[in-house]
There are 2 protein chains.
Amino acid sequence: MILKNISVDCVIFGFDGEKLNVLLWQAEPEILENFLTTKEEYEEIKFLFEKNPALNKSDDFWGLIGTHLPTEEDLDGYAKKILQITTGLDEVYLTQVHTFGATKRVPHYRVLTIAYYALINPAYHDMKLSPLAKSVKWFEINKLPKLLFDHIDIINEALSTLREQVKYHPVGFHLLPDKFTLTELQTLYEVILGDKLDTRNFRKKILKMRLLVDTMEKQTNVAHRAAKLYTFDMKIYNRLTQEGLNFSI
Amino acid sequence: MILKNISVDCVIFGFDGEKLNVLLWQAEPEILENFLTTKEEYEEIKFLFEKNPALNKSDDFWGLIGTHLPTEEDLDGYAKKILQITTGLDEVYLTQVHTFGATKRVPHYRVLTIAYYALINPAYHDMKLSPLAKSVKWFEINKLPKLLFDHIDIINEALSTLREQVKYHPVGFHLLPDKFTLTELQTLYEVILGDKLDTRNFRKKILKMRLLVDTMEKQTNVAHRAAKLYTFDMKIYNRLTQEGLNFSI
DNA sequence: CCAAAAGTGTTAGACCTACACCCATGA
DNA sequence: TCATGGGTGTAGGTCTAACACTTTTGG
């Protein structure tokens, strides 16, 4: 059984070393069926999609990844499931952001959506291998396509939540590969906060936290001085996640 | 029409000058009817309440103020409406906190609840004048009664959101009367943060923000030196609400 | 004149900001 | 040897934390 008035949408952020991206899809009927446990579940809500002109295949509208919530699924668990199916990732940073519930946010039917945001590192997953490959695509956060419903509001809300979070919690690290350079970390912060940071001060502040561990490795095959690779100290990472930190550089 | 799978619950915080309190109710059928536009709406969901043993009048369980969401009500608007009916207050600080959606959070039926929290100043409203007077009561935040469902989790989540918010946004002021003393403000912060603060440092920090305006009035009828009364500067207040502030005293 | 809470300043250390040059690497 | 980005230190100003006594008021 499907809860017809309730959907879950995920704003999936990814960082490619230069830009902040969001993962969007064009949800065709056969894809939606993958999300639901039984064919009957899909039949139940099919009319919502068929009635909706913005979901015609001919259209160039994109949407957040998500579907209606099945009766027997916990809310948080289902958000996680959506992410697993879409990206193949299991241990992902995923948090509820906000519930959008204006009466007219979706035409023809009352649907509230509970928005989550996720931070993933695209390097860990080759999207081309996913069964959803044809319909899923990364978009730069400031070059978004036309979006369904109020999805632009949802993305903006998730982005401002990310910006708030990143100031006091070490969330940004979820977007990086296991080993990363200080410059990559700085670029990540600059992209999220939308501002340039001073390199020397940034490094001082980060290193003082003792959050980073020098792996003793370096970049290879770069046409300039190779940068040290760091990883982060899980103990200190977890402590800072609990206690918060002040990262208003 | 009522959305049977969706309810809205409000965690209403009040400050009496000494303690932080939460407003709870014992929702009897005749009271619930007041919240719904038509009698038919109540009939639709009556069975949910009748089936629920925790809602027998004989019981000493209390719950958060809230009901199921009607189809034609915007989510935010309805949370505001609940608050209006309960407290008579109109211009109230009200924010969405979190949506609780575990499958078994309510027995017999799947109900997700969207939790809001509100900050009000009880001095502005005599609860005894409300038609809900018999069923509504303030409880100290650390002397809560037995609570329905997962309402204790909801209160805890709202409280930790309040604690986070208060560090970087001037939300605490909503809990104070128009004119207040610096000691009252300090007590409020101490109660919310659950910690003692240094009086001299607190005053320096607050006054440096230029957020407070000296009304040139003083307390009367106190058996000690009368304290100055302050109000706050709405322009600076609004700016700080936008930009955030650092109140980690 | 007593009890009770209001009100006030200084100092030492930590932290933040601004700023410019040399270093290592591959092509 | 050149182009490219990696890596480093200092000084001045601001903010924070710790700390104790005098003032005003009503009873």
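Chain letters run A, B, ... following the sequence lines, proteins first and then strands; every chain starts at 1. We use all heavy atoms of the structure for the numbers below, so side chains are in, but hydrogens, waters and symmetry mates are not. Computed from a predicted model, the values in this text were never measured in an experiment.
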**Asked** Roughly how many Å is it from NZ in A:Lys208 to C1' in D:dG9, rounded to a whole number?
**Response** 15 Å
**Fill in**
In terms of heavy-atom contacts, A:Thr215 and A:Leu229 come closest through OG1-O, 2.7 Å
**Request:** I would like to know whether A:Asp178 and A:Thr231 meet side-chain hydrogen bond (donor to acceptor under 3.5 Å, both in side chains); could you show each step before the answer?
**Result:** CA-CA 6 Å; A:Asp178 279 345; A:Thr231 175; over 6 Å; no
**Backbone of B:Ala115 reached by a side-chain donor or acceptor of B:Gln96 within 3.5 Å** = no
**Request:** Would you indicate, yes or no, if C:dG7 has its OP1 or OP2 atom less than 4.0 angstrom from a side-chain nitrogen or oxygen of B:Lys228?
**Result:** no
**Asked** Within this structure, what is the CZ-to-P distance between B:Phe180 and C:dA6, rounded to whole angstrom?
**Response** 14 Å
**Asked** At what angle, to 10 degrees, do the two end axes of the helix from C:dC1-D:dG27 to C:dA27-D:dT1 meet, given five pairs define each axis?
**Response** 0°
**Message:** I need the NZ-P distance between A:Lys196 and C:dC19, as an integer number of Å.
**Reply:** 17 Å
**Prompt:** Rounded to whole angstroms, how far apart are CZ on B:Arg203 and C1' on D:dA17?
**Reply:** 17 Å
**Complete:** A:Phe202 atom CZ is separated from C:dT17 atom C1', nearest whole Å, by 16 Å
**Fill in**
From CG of B:Leu229 across to C1' of C:dG7 the rounded distance in Å is 15 Å
**Request:** Go through the steps to decide whether A:Ile192 and A:Arg163 satisfy the test side-chain contact (heavy atoms from CB on, under 4.5 Å), and finish with yes or no.
**Result:** CA-CA 6 Å; A:Ile192 293 175; A:Arg163 285 189 173 143; 4.2 Å; yes
**Asked** What string of B, S and - do you get for nucleotides 18-27 of chain D, 5' to 3', if B is base contact, S is sugar-phosphate-only contact and - is no contact with any protein heavy atom under 4.0 Å?
**Response** BBB--BBBS-
**Prompt:** Do B:Glu217 and B:Tyr230 meet the criterion of a side-chain donor-acceptor pair at a distance under 3.5 Å?
**Reply:** no
**Asked** Is the backbone of B:Asp153 close enough, under 3.5 Å, to the side chain of B:Asp150 for a donor and an acceptor to pair up by distance?
**Response** no
**Request:** Using a cut-off of strictly less than 4.0 Å, decide whether A:Thr183 has a side-chain nitrogen or oxygen near OP1 or OP2 of D:dG6.
**Result:** yes
**Request:** Spell out, as yes or no, whether a donor-acceptor pair under 3.5 Å connects the side chain of B:Trp25 to the backbone of B:Lys137.
**Result:** no
**Prompt:** What orientation do B:Phe139 and B:Trp62 show, parallel under 30°, tilted 30 to 60°, or perpendicular over 60°?
**Reply:** perpendicular
**Item:** A:Glu157 side chain vs A:His98 backbone, donor-acceptor pair below 3.5 Å
**Value:** no
**Prompt:** Over how many whole Å does the gap from B:Lys205 atom NZ to C:dG7 atom C1' extend?
**Reply:** 20 Å
**Asked** Whole Å only: how far is the CD atom of A:Glu184 from the P atom of D:dG7?
**Response** 11 Å
